[in-house]
Amino acid sequence: MSNTEKTQVKKIIEPRTLKGFRDFIPEAMIPREKLIERVTNVYRSYGFCPIDTPVLEYLEILMGKGSEETDKQLYRFKDSGGREVGMRFDLTVPFARFAAQHFAELGVPFKRYHLAKVWRGENTQAGRYREFMQCDFDTIGTTSVVSDIETAFVINDILEKVDLRTDDAFTKFKVHVNSRKILNGALEKLGLSEQATPVLRALDKLAKIGADAVVAEMAETAGATEEQARSILEIACAMGANVEILERLEAALQGSELGLQGVAELRQILDATREAGIPTERFLVDVSIARGLDYYTGTIFETFLDEIPQLGSVCSGGRYDNLAELYTKQKLPGIGASLGLDRLFAGLEELGMVEKKATTVDVFIPLFDAQLTNRYVALGRGLRQRGIGVEIYPEPKKLGQQLKYADKKGFKLALVLGSDEVARGVANLKDLRSGGQQEVALELEALVRAIYDALQA
RNA sequence: GUGGAAGUAGCUCAGUUGGAUAGAGCAUCGGAUUGUGGCUCCGAAGGUCGAGGGUUCGAAUCUCUUCUUCCACCCCA
């Protein structure tokens, strides 16, 4: 190697991505898009409509809610015009701004979904990144329990569709439901309303750290007495069938109008899911889930995969009284939830529910004989117009090598066409999974029919 | 942000007490096989040993700094 060549080699910039940011190769992106498509279809089937908002917002919009944590995690900078801007760290805050700005033209109730990337400058961990996708859906402008019910349905329907290998319903998940009204009612009765945030934050960790540690944390961060803490836990730990838990809660919350209202709402949601034919074990009343965010005021949802609960919630949400209070005097109550696509996807991969494929079409046409190139491209186009995706190999390599490529990428069928076949007016349709092949008349309609039949099999 | 562990080929990893030109399997590309993939055999290509400094006659190996990844905490999807 000459010196000049060496210098040039040194000039190569190391290809790399930022910590917590990822590339997606086709094998990862194809199933990801499939999941996105399924999620979107569920949203649309309930009448949710798509919106989008800018990646960058004025810093004051994003910092409005200003908890210390979000401030630290916010990607912020000055743009070239000297404006203080930030990248959205969730889709709820931009939606609140959006709703405040446009509610007059949109009208209520308004149902939107929003699938987009968000950014948080926090430390990475398995299934946790600095750039990740959220899939929010919200219904605003109504306090009707119908919205709570349909939110529960949507969560259920999405999760049923996550097995990407098949169209069959996935069933190994649980939606934990609770109501902030129940929690607040209980806190009220115990005289802990003032310390709601630290108490609930501690309670939220129950499954993870155990009862004693929760009591200790409540004492430390909220100044709760052991008796108060134990009472909260007693209510939160209610085990058994949903109906029993609700009955016990009802008894424990006598005198708290708010708490009883929460119980009644949960009861109505559960009744509705049962009547709609959703398996009753799918939804669990779980008074220990509290959610970190303090803007929730009613029903709360968290969703766990049965086989990997330690992954955390893959779809969470709840009801709030006033989404956009920072940006408008108009009161906008609503309910919504967010699917953590990247976390869910990490779980699906772990469970082997992601089909590996590196092609977006099923049919492969090798460039067997360069003399027949125009024949191949015309045939490919004809099939595409009939709804069959086709890829044509661009180079006249040996047939074996072309088929090897097709095999590796995961094509299902190869349409082999050489001068022999053309002379005889046929094409060879090869099934790449079984290895079998059949001759089909070299005529578009016959080929379309044969391909559809082969793909069904 | 805090604490712990680890970074050697695209991936998984070996590399002895500090010693010569850093290895294997899988994957990639080519050949055996000019009309048929998966199996087999042969070959090729692929390395700033994460990066930068220090100790040393000599560093993948020891040391410091830094970056990255993983785990736990915090918080969250």
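By convention in this document, chain letters (A, B, ...) are assigned in the order of the sequence lines, proteins followed by strands, and residues within each chain are numbered from 1.
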Identify each atom pair where a protein N or O and an N or O of nucleotides 67-73 of chain B are less than 3.5 Å apart, giving names and distance.
{"from": "B/U69", "atom 1": "OP1", "to": "A/G20", "atom 2": "N", "distance (Å)": "3.3"}
{"from": "B/U69", "atom 1": "OP2", "to": "A/K19", "atom 2": "NZ", "distance (Å)": "2.8"}
{"from": "B/C71", "atom 1": "OP2", "to": "A/A126", "atom 2": "N", "distance (Å)": "2.7"}

Between protein and nucleic acid, restricted to nucleotides 44-47 of chain B and to nitrogen or oxygen atoms under 3.5 Å apart, what atom pairs and distances do you find?
none

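Distance alone, capped at 3.5 Å, places no donor-acceptor pair between the A/R120 side chain and the A/E131 backbone. Distance alone, capped at 3.5 Å, places no donor-acceptor pair between the A/Q134 side chain and the A/L339 backbone. In this structure, A/N242 contributes its side chain and A/F283 its backbone to a donor-acceptor pair below 3.5 Å. Using modelled atom types, one side-chain atom of A/D342 and one backbone atom of A/M133 make a donor-acceptor pair closer than 3.5 Å. Judged purely by atom type and a 3.5 angstrom limit, A/K111 uses its side chain to pair as donor or acceptor with the backbone of A/Y46.
Nucleotides B/U61 and B/G46 are separated by 24 Å at their P atoms, to the nearest Å. Across B/G50 and B/G7, the matching P atoms stand 8 Å from one another, rounded to whole Å. For B/U21 and B/G25, the C1' atoms lie 22 Å apart once the distance is rounded to whole Å. Remark: the separation of the C1' atoms in B/C73 and B/C29 is 47 Å, to the nearest Å. For B/A22 and B/C64, the C1' atoms lie 25 Å apart once the distance is rounded to whole Å. B/A44 and B/A60 have their P atoms separated by 25 Å, with the value rounded to a whole Å. For the C1' atom pair drawn from B/A27 and B/G18, the interatomic distance equals 34 Å after rounding to whole Å. Distance noted for atom P between B/U65 and B/G4: 12 Å (whole Å).
By the side-chain contact (heavy atoms from CB on, under 4.5 Å) test, A/T303 is found to be paired with A/I155, A/L159, A/F173, A/V175, A/V314, A/C315, residues two or more places apart in sequence or in another chain being considered. Scored by the side-chain contact (heavy atoms from CB on, under 4.5 Å) test, A/T143 finds A/R319, A/P333 as partners (sequence neighbours excluded). Take A/K408 and apply the side-chain contact (heavy atoms from CB on, under 4.5 Å) test, not counting sequence neighbours, and it matches no residue. Every residue two or more places apart in sequence or in another chain that forms a side-chain contact (heavy atoms from CB on, under 4.5 Å) with A/R38 is listed here: A/K34, A/K161, A/L164, A/D167.
Summarising the base pairing, B/A22 is matched to no nucleotide, lacking a Watson-Crick or G-U wobble pair whose two defining distances lie under 3.5 Å. Within the shown strands, B/A32 is the pairing partner of B/U40 under the Watson-Crick or G-U definition, both distances less than 3.5 Å. In this entry B/A9 has no Watson-Crick or G-U wobble partner, no candidate having both defining distances under 3.5 Å. Of all nucleotides present, none satisfies the Watson-Crick or G-U wobble test against B/G58 with each distance under 3.5 Å. For B/G46, there is no paired base (Watson-Crick or G-U wobble, both distances below 3.5 Å). B/C75: no Watson-Crick or G-U partner with both key distances under 3.5 Å is found in any strand.
Put simply, the side chain of A/E302 and the base of B/A77 share no donor and acceptor less than 3.5 Å apart. Applying the 3.5 Å distance criterion, the base of B/C76 shares no donor-acceptor pair with the side chain of A/R120. One cannot find a donor-acceptor pair under 3.5 Å joining the base of B/G31 and the side-chain atoms of A/Q401.
Per the geometry, CD belonging to A/E439 stands 15 Å off P belonging to B/U36, to the nearest Å. Look at CG on A/L367: it is 13 Å from P on B/G35, rounded to the nearest Å. For A/F304 and B/C76, the CZ to C1' distance is 12 Å, given to the nearest whole Å. What separates CG of A/L203 from P of B/C75 is a distance of 13 Å, to the nearest Å. Atom CD in A/E122 sits about 14 Å away from atom C1' in B/U2, given to the nearest Å. When the P atom of B/C76 is taken as reference, atom CD1 of A/I300 falls 12 Å away, rounded to whole Å. In this structure, A/E421 places its CD atom 12 Å from P of B/U36, rounding to the nearest Å. Atom C1' of nucleotide B/U36 and atom CZ of A/F364 are separated by 11 Å, given to the nearest angstrom.
The side chain of A/R201 lies closest to B/C75 when the candidates are B/C75, B/G37, B/U36. Here B/G37 is the nucleotide among B/G37, B/G35, B/C29 with the atom lying nearest to any side-chain atom of A/L403.
Within 4.0 Å (heavy atoms only), A/D369 reaches no atom of the nucleic acid at all. Among the protein residues, A/K430 comes within range of the nucleic acid bases, having at least one heavy atom under 4.0 Å from a base atom. A/S419 comes within 4.0 angstrom of a nucleotide base, judged by non-hydrogen atoms across all strands. Among the protein residues, A/Q402 comes within range of no part of the nucleic acid, since none of its heavy atoms lies under 4.0 Å from any strand. Heavy atoms of A/D431 sit under 4.0 angstrom from at least one base atom. A/G312 comes within 4.0 angstrom of no nucleic acid atom, judged by non-hydrogen atoms across all strands. Using a 4.0 Å heavy-atom cutoff across all strands shown, A/D420 reaches at least one base atom of the nucleic acid.
Residues A/Y43 and A/D157 bring no donor and acceptor atom of their side chains to less than 3.5 Å of each other. Side-chain contact of A/E391 with A/Y405: a donor-acceptor pair under 3.5 Å is present, judged by distance alone.
Of the two residues contacting RNA chain B, namely A/K404 and A/F132, the nearest-nucleotide position lying further toward the 5' end is that of A/K404. Across the interface with RNA chain B, nearest-nucleotide mapping of A/Q134 and A/K398 shows A/K398 to be the residue nearer the 5′ end.
The aromatic ring centroids of A/Y113 and A/F137 lie 6.0 Å or more from each other. Taking the six-membered ring for Trp, A/H176 and A/F304 have ring centres closer than 6.0 Å.
Under 4.0 angstrom from either OP1 or OP2 of B/C29 there lies no side-chain N or O belonging to A/K397.
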